[in-house]
Amino acid sequence: MGRADRAEFLLEKLRERIDRPTTELEYETPYQLLVAVILSAQCTDDRVNEATPVLFEAYPTVGDLAEATPDDIYPFIQSITFPNNKSSYLAKMARQVVEKFDGRIPDTIDGLETLMGVGRKTARVVAQVAHDADALPVDTHVFRVANRIGLVTKGATTPKKVEQQLKRVIPKEDWGEAHHLLILHGRYTCTARSPDCHDCPLPEVCTHYDRLQNRPDPIDGLDASAGTYYCTTSEHYFDDPDTHVDRYDLEQVACPHCGSMQVVRTSTGQPTKQVKDYRVNG
Ligand code: SF4
């Protein structure tokens with residue numbers, strides 16, 4: 001199945017499961033959305049939603065926030081990741097909006113990207129959610145799910161490349177919806193640490209699932225006292241493995257004698273072969 005067909009199948013299946021493909025950040029105005037998205041960088045939406053009501057009560061408009069110093073803002077967001085940096089971003093961003101945009105949150109990606117604390121992804125999320133702009137922002141969930149399923153090629157190693165490739169296989173009118181469907185699928189089903197493939201509607205088109213199924217079965221009856229590893233190609237035990245980089249750029253345990261990566265751990269009989277899972281750390 002080609003990538004465009006895979007994308008079409010994915011959208012159809014995820015639409016059936018996800019009723020409201022939209023942001024889980026709570027906001028009422030573009031100002032509140034922008035603040036919430038800045039705060040959500042490397043932080044959960046739940047934690048942001050717990051902090052923002054009190055922050056918005058203290059600073060109801062961007063003009064009010066522009067009067068605040070980072071020290072004023074810090075206590076409201078200290079439960080959020082990187083509160084020092086984010087207090088500073090919010091104070092500077094608000095002043096920029098007042099001074100350069102007459103107190104109105106910019107409604108274009110280019111305008112948003114000029115603001116402090118607003119990078120490529122944040123600008124696109126705000127423009128897409130608040131102004132229905134043609135954008136397909138790629139966050140950690142979209143990046144992981146797109147790679148795992150095989151919506152993008154092996155060369156899509158950055159969020160920008162993933163975004164460009166997704167835009168080629170997903171119709172423009174579906175970009176915004178696809179962004180939210182992929183995020184929610186990644187957040188609740190295809191999670192970073194343990195994707196719930198048994199409760200997923202996509203195994204038949206998912207390349208990650210396919211690779212997991214093709215891992216060798218565990219082997220019984222190995223003699224752990226004969227060596228830490230056993231090479232199933234040349235059928236012998238050893239303790240000090242080599243490493244080889246496979247075609248997915250993953251470093252794999254390899255046999256020091258024949259170079260095979262068909263190596264199992266003798267204590268468990270489990271294959272040492274890893275399947276790339278596109279987890280984004282940090
Ligand atoms: S089959 Fe598994 S890895 Fe593939 S999309 Fe579903 S949960 Fe993710």
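Numbering starts at 1 and runs along the sequence shown. Each ligand, and each atom within it, is numbered from 1 in the order the structure gives. As the structure is a prediction and not an experimental result, all values here were calculated from the model.
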- Item | Protein N/O/S count near atom 6 (Fe) of ligand 1 (criterion: distance under 2.8 Å) | 1
- Task: Verify whether the ring centers belonging to Phe143 and His141 lie closer than 6.0 Å.
- Result: no
- Can you check salt bridge (charged side-chain N to carboxylate O under 4.0 Å, His left out) on Asp45 and Arg187, steps first, answer last? CA-CA 11 Å; Asp45 287 3; Arg187 188 172 288 159; 3.2 Å; yes
- Item | Tyr237: side-chain hydrogen bond (donor to acceptor under 3.5 Å, both in side chains) partners, not counting sequence neighbours | none
- Message: Quick check on side chain to side chain contact (heavy atoms under 4.5 Å, CB included): which of Val253, Thr272, Asp217, Leu222 does Val264 satisfy it with?
- Response: Leu222
- Task: Mind telling me whether Phe238 and His257 have parallel, tilted or perpendicular rings, with 30° and 60° as the class edges?
- Result: perpendicular
- Message: Looking at every heavy atom in both Val48 and Ser40, which two are closest together, and how far apart are they?
- Response: CG2-CA, 3.7 Å
